[in-house]
2 protein chains.
Amino acid sequence: MGARRPREPLSRERALAAAIALVDAEGLAALTMRRLAAGLGVEAMSLYYHLPGKEGLLDGLAEAVIAEIEAAAEAADATVAGDDWRTRLRQRFLAARAVMLRHPWAPGLLGSRPTVPAGVYAYYDQIIATLREGGFSYRIAHRALHAFGSLALGFAQEVFRPAAAGGTTDVDVAEAELAAMAEKLPHLTAMMAAEAHDADDPTLGWCDSQVEFEFTLDLLFDGLERARG
Amino acid sequence: MGARRPREPLSRERALAAAIALVDAEGLAALTMRRLAAGLGVEAMSLYYHLPGKEGLLDGLAEAVIAEIEAAAEAADATVAGDDWRTRLRQRFLAARAVMLRHPWAPGLLGSRPTVPAGVYAYYDQIIATLREGGFSYRIAHRALHAFGSLALGFAQEVFRPAAAGGTTDVDVAEAELAAMAEKLPHLTAMMAAEAHDADDPTLGWCDSQVEFEFTLDLLFDGLERARG
DNA sequence: ACCTGAACACCGTTCAAGT
DNA sequence: ACCTGAACACCGTTCAAGT
């Protein structure tokens, strides 16, 4: 925003930090070489001295998010160091989810990168280590990694709403739309009615993502316990 | 590509079909109002008569993919109409996955849309119906929907590779990169070694996505069977 | 009803040039 | 070493105008 004279020189780190702030505030679509530069009090072309173009910038953003997730997961894991594998993985995944909730654009960004950010592999390595300590074979650990999928990185699966991205979502419109097609969706309507029954807020926003997230984790953990070989 | 004189007039349907063909062939990034129009033998501005701008075009694409998934899933379900819920859901999800494999850009597109395409709800409705017939409560059906997540739409979770998008992925580069950091990733390296052991092709491409996909399905199905209430 | 030309406000990126 | 101005080839979109 307010850019005085460039006190400290531009750097890759400063550019990435500004990019994250910009995207947190205004969404991925607002991230433009020109806008980013303007926010840094610099011309767009200056960015090319520190970053290999727009794609490189996006790669940097992806790596930064993964690093944040890994740091949060590592910290969470440290607090339950002596516990069993599922408690430790659970804490890790929940910490990752907290990071994702702070950066709702992250799933969309990671999905759009042509290659998995390198930091992801370090993150996987820790998960495999925990599974091995828990007595799992490499085979099951491998399958577990696939089964966790984006859950391991904290992606909450949005069932009734935008899958990822930022942007303003109009709950009322979505609800009206759904109501309009209610007679064509008898089972969905009935399910919503049944579930809204004991929810505080009987709207489309009735899914408690935290509860659903943890339910899915337990489903997978239970299954893995049983598949242990 | 080759555009003669406009024999049939432009229409929303023709524009969407051309857009899908273009994106299948060259990826989402190649989809431009101007390029799409050129392929149809028309000026870019003509598209605005049939579509509400680029976002509307992308929404149309998303709806088209969902419709294709739903049709495939419905057809697959019909072949196992008398069977139990898990066989029926399995066939549905595998059919959806086959569609996704034909349109590798689809996960990225759906993730980028600000709102869930309306067709998704009809698809969910069928899943809930199947679960209800299988004796599940609405509560568990609801949780199952969340637990399935993008699996229900056939999204294979890519663990070691691009999450979605098109684009050329260089296996060799990725493999070299991974090898370079092997000493920092002892568990991942060991797992790959152990798993590659009995694979035909001991490379990064060693994950058999079909097998992993089905393993995850069974994990979830088993868990739901047990959670039945 | 359907399509277009010209124009506008934006992009990312290059390249030679400044300091 | 770090930054910039001017320029290029692209975007999506508008609007008044054509047929």
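Predicted, not measured: the structure shown is a model, and the values here were computed from it. Sequence lines set the chain letters: A, B, ... in the order given, protein chains first and strands last, and positions in each chain run from 1.
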Taking the nucleotide of DNA chain D with the closest heavy atom to each, which residue, Glu43(A) or Tyr49(A), is nearer the 5' end? Tyr49(A)

[X] [atom1] to [N] [atom2], straight-line distance once rounded to whole Å:
X        : N      : atom1 : atom2 : answer
Leu47(B) : dC3(C) : CG    : C1'   : 11 Å
Leu51(B) : dC3(C) : CG    : C1'   : 14 Å
Leu10(A) : dC2(D) : CG    : P     : 10 Å

Please, what dot-bracket string fits DNA chain C when only Watson-Crick and G-U pairs with both distances under 3.5 Å count, crossing ones use [ ] and pairs to another strand use |? ||.|||||...|||||.||

Qualifying residues under side chain to side chain contact (heavy atoms under 4.5 Å, CB included), relative to Leu151(A), sequence neighbours excluded: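 Residues passing side chain to side chain contact (heavy atoms under 4.5 Å, CB included) with Leu151(A): Phe213(A), Thr216(A), Leu217(A), Leu220(A).
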
Partners passing side chain to side chain contact (heavy atoms under 4.5 Å, CB included) against Ala64(B) (at least two apart in sequence or in another chain): Ile20(B)

Identify, with sequence neighbours excluded, every residue that meets ring pair (Phe, Tyr, Trp, His ring centres under 6.0 Å) alongside [X].
X         : answer
Phe155(B) : none
Tyr48(A)  : none
His103(A) : Trp105(A)

Name all residues meeting the side chain to side chain donor-acceptor pair (under 3.5 Å) criterion together with Arg143(B); count only those two or more places apart in sequence or in a different chain, and write none if there are none.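 Scan of Arg143(B) (side chain to side chain donor-acceptor pair (under 3.5 Å), adjacent residues dropped) gives none.
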
His50(A) side-chain N/O to dC3(D) phosphate OP1/OP2 under 4.0 Å: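 So the side-chain polar atoms of His50(A) do come within 4.0 Å of the phosphate oxygens OP1 or OP2 of dC3(D), strictly under.
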
With a 4.0 Å limit, can you tell me whether Ser46(B) has a side-chain N or O closer than that to the phosphate oxygens OP1/OP2 of dT4(C)?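 Yes, within the criterion.
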
Once the angle between the rings of Phe148(B) and Phe93(B) is folded into 0 to 90°, is it parallel (under 30°), tilted (30 to 60°) or perpendicular (over 60°)?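 Ring orientation, 0 to 90° scale: perpendicular.
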
Readout for nucleotides 7-19 of chain D: B = base within 4.0 Å of protein heavy atom, S = sugar-phosphate only, - = neither; 5' to 3' it is B---BBBB-----

Residues pairing under salt bridge (charged side-chain N to carboxylate O under 4.0 Å, His left out) where one sits in residues 59-76 of chain B, two or more places apart or in two chains, turn out to be Asp59(B)-Arg113(B), Glu68(B)-Arg102(B), Glu74(B)-Arg92(B)

